[in-house]
Structure formats: C-alpha cells, structure tokens
Amino acid sequence: MNKQKLFLTFFYSGLAPKAPGTFGTLAGQLVGIGLLFLIHMNTFALLMVVISVVGILEINKYEKISGEHDNSWIVIDEVAGIWLAMTLVPFDPLSMVLVFAFFRLYDIWKPSLIGRIDRDVKGGLGVMGDDLLAGVLAGLSTLLVMEGVQTFI
C-alpha cells in the first residue's frame with residue numbers, strides 16, 4: 001500500500017470517478033465531525049494545521065516525482081480547507097451544512113484571490129493555499145448567514 005497516495009487521496013476518497021473534490025470534502029467533513037465528538041476544537045484546529053503542513057510537503061514530493069501539478073485525485077487540500085472552515089463556526093448541524101456548501105462553492109468557483117493562488121502559486125503551497133483560503137471564506141460566510149438567521153428568527 002502506498003502511504004503517500006493513501007494520505008493525499010484521504011483514504012482513497014479522491015479516487016471517486018466523478019467529483020473527487022466533493023467526495024474528498026465530504027469524507028473530510030464526516031471524519032472531522034467524528035473527531036469533534038472525541039477531541040476538543042483546539043486539538044482539532046492543531047490537527048488541521050499539521051495536516052496542512054504535511055500536505056504541502058507530501059504534495060511537493062509527489063509533484064517532483066510525477067511532474068504533475070494539482071492532480072484531481074489529491075484531496076487532502078479539500079480536507080484541510082473544510083477542517084479550517086469547521087474550526088471557525090459553531091459545531092451544530094446547520095453550520096456544518098452551510099460550511100460544506102460555501103466551501104464547495106468557493107473551491108469550485110475560485111473567486112478573486114482563491115483563483116489567483118490556484119493559478120499562480122506552484123507546488124504544495126499553491127495546491128493547499130487556495131483551499132485554505134476557501135475554508136476561511138466558507139467559515140466567515142457561514143457565520144454571516146448564522147447571524148442573519150438569528151437576527152430574523
């Protein structure tokens with residue numbers, strides 16, 4: 001078993017024949033939700049940082065060997081991004097649904113700086129960077145919607 005591929009595909013969720021990024025995000029969020037029942041949010045945030053740093057290093061290794069940049073089956077970046085978003089919002093069902101929807105929207109659409117990072121930054125930092133920024137925006141967007149819901153209800 002190739003440990004690097006197991007990690008980069010997040011337990012092979014990135015090998016889905018269609019929409020590997022969505023499957024990777026969903027797998028990452030489900031594992032993240034499970035972890036949040038077991039560990040404190042601060043520990044989860046630290047784990048997200050570790051996953052991000054290791055992801056950058058492993059993607060750099062993979063790209064050096066393969067010559068490919070941002071292969072579609074690499075989804076550890078989606079996992080890091082959704083976990084970052086999850087650290088910014090309350091741990092409740094509505095927040096988890098919203099953070100998933102916003103994250104996928106920003107990851108696919110790649111507005112503004114997210115798209116610029118995706119296009120212009122090479123290596124593992126570029127692969128991870130756009131998803132981490134999408135995670136920040138997804139978390140902030142979720143907080144804004146949640147504040148609006150609480151204001152009007």
Side-chain angles (χ1 to χ4, degrees), residues 5-36 41 44-45 47-63 66-153:
K5 192 166 190 175
L6 181 70
F7 175 75
L8 292 177
T9 62
F10 196 67
F11 305 103
Y12 302 116
S13 62
L15 298 179
K18 296 204 187 250
T22 299
F23 277 97
T25 302
L26 181 60
Q29 188 174 37
L30 291 174
V31 169
I33 288 168
L35 285 171
L36 285 171
M41 181 63 84
F44 182 70
L47 186 57
M48 179 275 304
V49 170
V50 170
I51 290 286
S52 298
V53 171
V54 173
I56 290 168
L57 297 173
E58 287 301 316
I59 291 167
N60 284 340
K61 287 181 196 175
Y62 171 78
E63 288 189 357
S66 71
E68 298 177 21
H69 177 67
D70 205 1
N71 191 305
S72 64
W73 56 256
I74 296 174
V75 295
I76 197 64
D77 50 331
E78 275 83 8
V79 175
I82 194 70
W83 283 11
L84 176 55
M86 290 169 65
T87 66
L88 300 175
V89 302
F91 183 49
D92 62 59
L94 181 57
S95 293
M96 293 299 107
V97 169
L98 288 173
V99 86
F100 180 87
F102 279 121
F103 178 75
R104 289 309 300 147
L105 174 70
Y106 294 135
D107 189 33
I108 293 167
W109 179 32
K110 300 194 185 308
S112 188
L113 189 54
I114 297 171
R116 194 175 223 179
I117 291 169
D118 183 58
R119 281 187 312 274
D120 299 340
V121 180
K122 302 301 176 207
L125 186 59
V127 174
M128 296 292 288
D130 70 310
D131 290 274
L132 292 171
L133 183 54
V136 169
L137 291 178
L140 293 175
S141 297
T142 298
L143 290 174
L144 284 171
V145 169
M146 295 298 288
E147 185 64 31
V149 167
Q150 289 176 356
T151 301
F152 293 108
I153 291 181

- Just how far is it from atom CG of Leu132 to atom OG of Ser52, taken to the nearest 0.5 Å? 4.5 Å
- Just how far is it from atom CD of Glu68 to atom CH2 of Trp73, taken to the nearest 0.5 Å? 7.5 Å
- Hey, can you tell me if Trp83 and Phe44 have their rings parallel, tilted or perpendicular (30° and 60° cut-offs)? tilted
- Query: Any idea which heavy atoms bring Ile33 and Met86 closest together, and the distance?
  - Reply: N-CE, 3.7 Å
- Show your working on side-chain contact (heavy atoms from CB on, under 4.5 Å) between Asn71 and Ser66 and close with a plain yes or no. CA-CA 10 Å; Asn71 191 305; Ser66 71; over 6 Å; no
- Sorted by first residue and then second, give each side chain to side chain donor-acceptor pair (under 3.5 Å) pair with at least one member in residues 86-95; sequence neighbours left out. Asp92-Ser95
- Message: Tell me which pairs pass salt bridge (charged side-chain N to carboxylate O under 4.0 Å, His left out) where either residue lies in residues 125-146, with sequence neighbours left out.
- Response: Lys110-Asp130
- Message: Quick check for you: to the nearest 0.5 Å, what is the distance between Met48 atom CE and Ile82 atom CD1?
- Response: 12.0 Å
- Task: Could you pull out all residues at least two apart from Glu58 that satisfy salt bridge (charged side-chain N to carboxylate O under 4.0 Å, His left out)?
- Result: Lys61
- Message: Restricting to side-chain hydrogen bond (donor to acceptor under 3.5 Å, both in side chains), what partner residues turn up for Lys122, sequence neighbours left out?
- Response: none
- Query: What distance separates Leu105 CG from Ile108 CD1, expressed to the nearest 0.5 Å?
  - Reply: 7.5 Å
- Note on the structure: Heavy-atom closest pair (Glu63 atom, Asp70 atom, distance to 0.1 Å) is OE2-N, 3.2 Å
Exercise answer: donor-acceptor pairs, residues 14-28 side-chain atoms, under 3.5 Å, sequence neighbours excluded:
{"residue": "Thr22", "atom": "OG1", "partner": "Arg104", "partner atom": "NE", "Å": "3.1"}
{"residue": "Thr22", "atom": "OG1", "partner": "Arg104", "partner atom": "NH2", "Å": "3.2"}
{"residue": "Thr25", "atom": "OG1", "partner": "Gly21", "partner atom": "O", "Å": "2.7"}

- Message: Nearest 0.5 Å, please: how far is CE in Met128 from CD1 in Ile74?
- Response: 10.5 Å
- Item | Arg116 vs Leu113 side-chain heavy atoms within contact, under 4.5 Å | yes
Do any side-chain atoms of residues 133-153 form donor-acceptor pairs under 3.5 angstrom with protein atoms, and if so which ones, sequence neighbours left out?
{"residue": "Ser141", "atom": "OG", "partner": "Tyr106", "partner atom": "OH", "Å": "2.7"}
{"residue": "Ser141", "atom": "OG", "partner": "Leu137", "partner atom": "O", "Å": "2.8"}
{"residue": "Thr142", "atom": "OG1", "partner": "Val99", "partner atom": "N", "Å": "3.4"}
{"residue": "Thr142", "atom": "OG1", "partner": "Ala138", "partner atom": "O", "Å": "2.8"}
{"residue": "Thr151", "atom": "OG1", "partner": "Glu147", "partner atom": "O", "Å": "2.7"}

- Euclidean distance, Ile59 CD1 relative to Asp77 CG, rounded to 0.5 Å: 5.5 Å
- Using the side-chain contact (heavy atoms from CB on, under 4.5 Å) rule, take Phe10 and Val31 through it: C-alpha gap first, then chi angles, then the decisive distance, then the call. CA-CA 10 Å; Phe10 196 67; Val31 169; 3.8 Å; yes
